[in-house]
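Below: one structure, written as structure tokens.
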Amino acid sequence: MSRWWGTDRGDTDRLEAFSDGVLAIAITLLIFGVQVPTPAGTSLAAGLRHALPQIGAYAASFLQIGIIWANHHALFRVVQRVDQLLILLNLLLLGFVSFVPLPTRLVAEHTAGPDARTAMLLYGATLAGCALAFNLIWFYAARAGLLAGGLTPGFLRDVNIRYLLGLVAYAAATLLALILPLLTVIVSVLLALIFALGPSVRPAFAPTAADDAGQDS
């Protein structure tokens with residue numbers, strides 16, 4: 001008899017639908033942290049200038065969550081089945097993503113000053129938590145035989161390396177807050193742009209004979 005965490009829960013459709021909903025809510029909540037104050041005697045242009053840190057933090061976190069969504073979609077293109085533990089690991093990822101709006105607001109409010117380091121450390125640690133959750137999902141799915149068949153060795157190797165490097169890089173970006181707080185956000189944005197390419201630049205599946213015949217025709 002299989003242990004409870006290995007209980008087969010079917011295909012990935014419900015997990016992906018739930019994840020899409022949570023990610024959509026998290027990315028929408030980011031905009032509520034942007035306020036443009038225009039008190040009496042103040043122009044809209046002045047209010048927008050005052051809101052630039054909030055707008056910048058919003059843009060950085062929108063990019064992060066957007067690329068997390070894209071990579072989650074790409075990852076579950078090759079995960080064929082889910083079990084109880086994979087569902088829980090996916091919830092861990094969603095928990096970190098849902099938390100992103102809070103450090104985003106704190107970063108916008110503390111771009112400088114004595115609390116900037118704390119805000120940036122929390123921001124970077126949250127993104128590093130997302131990277132850790134991606135690693136746990138991937139390596140567990142591979143070990144538990146939940147991946148689709150026919151994945152190329154090159155693709156598997158690429159995902160292993162990119163996910164591990166991503167975790168190390170986000171952890172390093174977090175620690176940069178101890179040197180210069182703003183570096184955490186800057187480096188995190190650069191990392192997100194790198195991961196916009198997806199978990200691997202190689203195709204996941206080798207072309208089949210039917211595909212080759214279709215290309216030749």
Handout entry: Verdict with reasoning, Asp83 to Tyr140, per side chain to side chain contact (heavy atoms under 4.5 Å, CB included)
Key = CA-CA 10 Å; Asp83 64 13; Tyr140 175 73; 2.5 Å; yes

Handout entry: Verdict with reasoning, Asp158 to Phe155, per side chain to side chain contact (heavy atoms under 4.5 Å, CB included)
Key = CA-CA 5 Å; Asp158 281 359; Phe155 175 83; 5.7 Å; no

Practice task
I would like to know whether Leu164 and Trp138 meet side chain to side chain contact (heavy atoms under 4.5 Å, CB included); could you show each step before the answer?
Solution key: CA-CA 10 Å; Leu164 286 172; Trp138 168 252; over 6 Å; no

Practice task
Please lay out, stage by stage, how Phe205 and Thr152 fare under the test side chain to side chain contact (heavy atoms under 4.5 Å, CB included).
Solution key: CA-CA 6 Å; Phe205 301 96; Thr152 63; 5.6 Å; no

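When the side chains of ILVMFWY residues are joined at heavy-atom separations under 4.5 Å, either directly or via intervening members, Val100 and Leu106 end up in two distinct hydrophobic clusters. In terms of hydrophobic clustering, with Ile, Leu, Val, Met, Phe, Trp and Tyr side chains grouped at heavy-atom distances under 4.5 Å, Leu44 and Tyr58 are assigned to different clusters. By the rule that hydrophobic residues join a cluster once side-chain heavy atoms approach within less than 4.5 Å of another member, Leu178 and Leu182 end up as members of separate clusters. Grouping the Ile, Leu, Val, Met, Phe, Trp and Tyr side chains by contacts below 4.5 angstrom, directly or via other members, places Leu122 apart from Leu191. Ile25 and Ile27 fall within a single hydrophobic cluster, where Ile, Leu, Val, Met, Phe, Trp and Tyr side chains are chained together by heavy-atom contacts under 4.5 Å.
Nearest approach of Val185 to Val107, heavy atoms of both residues: CG2-CG1, 4.1 Å. The heavy-atom pair separating Ser61 from Leu30 by the smallest distance is C-CD1, 3.6 Å. Across all their heavy atoms, Thr174 and Leu121 have their closest contact at O-CD2, 3.3 Å. In terms of heavy atoms, Thr104 sits closest to Ala57 at CG2-O, 3.5 Å. Here the shortest heavy-atom pairing between His110 and Ala119 reads CB-CB, 4.2 Å. Here the closest non-hydrogen pair linking Ala108 and Gln54 is CB-CA, 3.6 Å.
Looking only at distances, no side-chain donor or acceptor of Thr42 sits under 3.5 Å from a matching main-chain atom of Thr38. Remark: side-chain polar atoms of Asn160 are paired, donor with acceptor, to backbone N or O of Leu156 under 3.5 angstrom. Side chain of Asn71 to main chain of Phe195: a donor-acceptor pair is present (N/O by atom type, distance under 3.5 Å, no hydrogens or angles). Judged by distance alone, with hydrogens and angles left aside, the side-chain atoms of Arg117 form no donor-acceptor pair with the main-chain N or O of Pro181 at under 3.5 Å. A donor-acceptor pair under 3.5 Å is absent between the side-chain atoms of Thr12 and the main chain of Leu15, judged by distance alone. Looking only at distances, no side-chain donor or acceptor of Gln80 sits under 3.5 Å from a matching main-chain atom of Arg77. Looking at Arg162, its side chain does come within 3.5 Å of a backbone N or O of Gly198 through a donor-acceptor pair.
Screening Leu146, Leu86, Leu147 for a side-chain contact (heavy atoms from CB on, under 4.5 Å) with Arg81, the sole residue that qualifies is Leu146.
The NE2 atom of His72 sits 13.5 Å away from atom CD1 of Ile65, with the distance rounded to the nearest 0.5 Å. One distance of note links CZ of Phe134 with CG of Asn90; it measures 8.5 Å at 0.5 Å rounding. Distance check: Leu193 CG to Leu63 CG gives 5.0 Å after rounding to the nearest 0.5 Å. Going from atom CD of Glu16 over to atom CG of Leu75 covers 9.0 Å, rounded to the nearest 0.5 Å. Here CG of Leu88 is found 10.5 Å from CD1 of Ile137. Values are rounded to the nearest 0.5 Å. To the nearest 0.5 angstrom, Phe139 atom CZ is 13.0 Å from Leu89 atom CG.
Between Ile87 and Phe18 the shortest side-chain heavy-atom distance does not fall below 4.5 Å.
Between the side chains of Gln64 and Tyr123, no donor-acceptor pair of N or O atoms lies under 3.5 Å.
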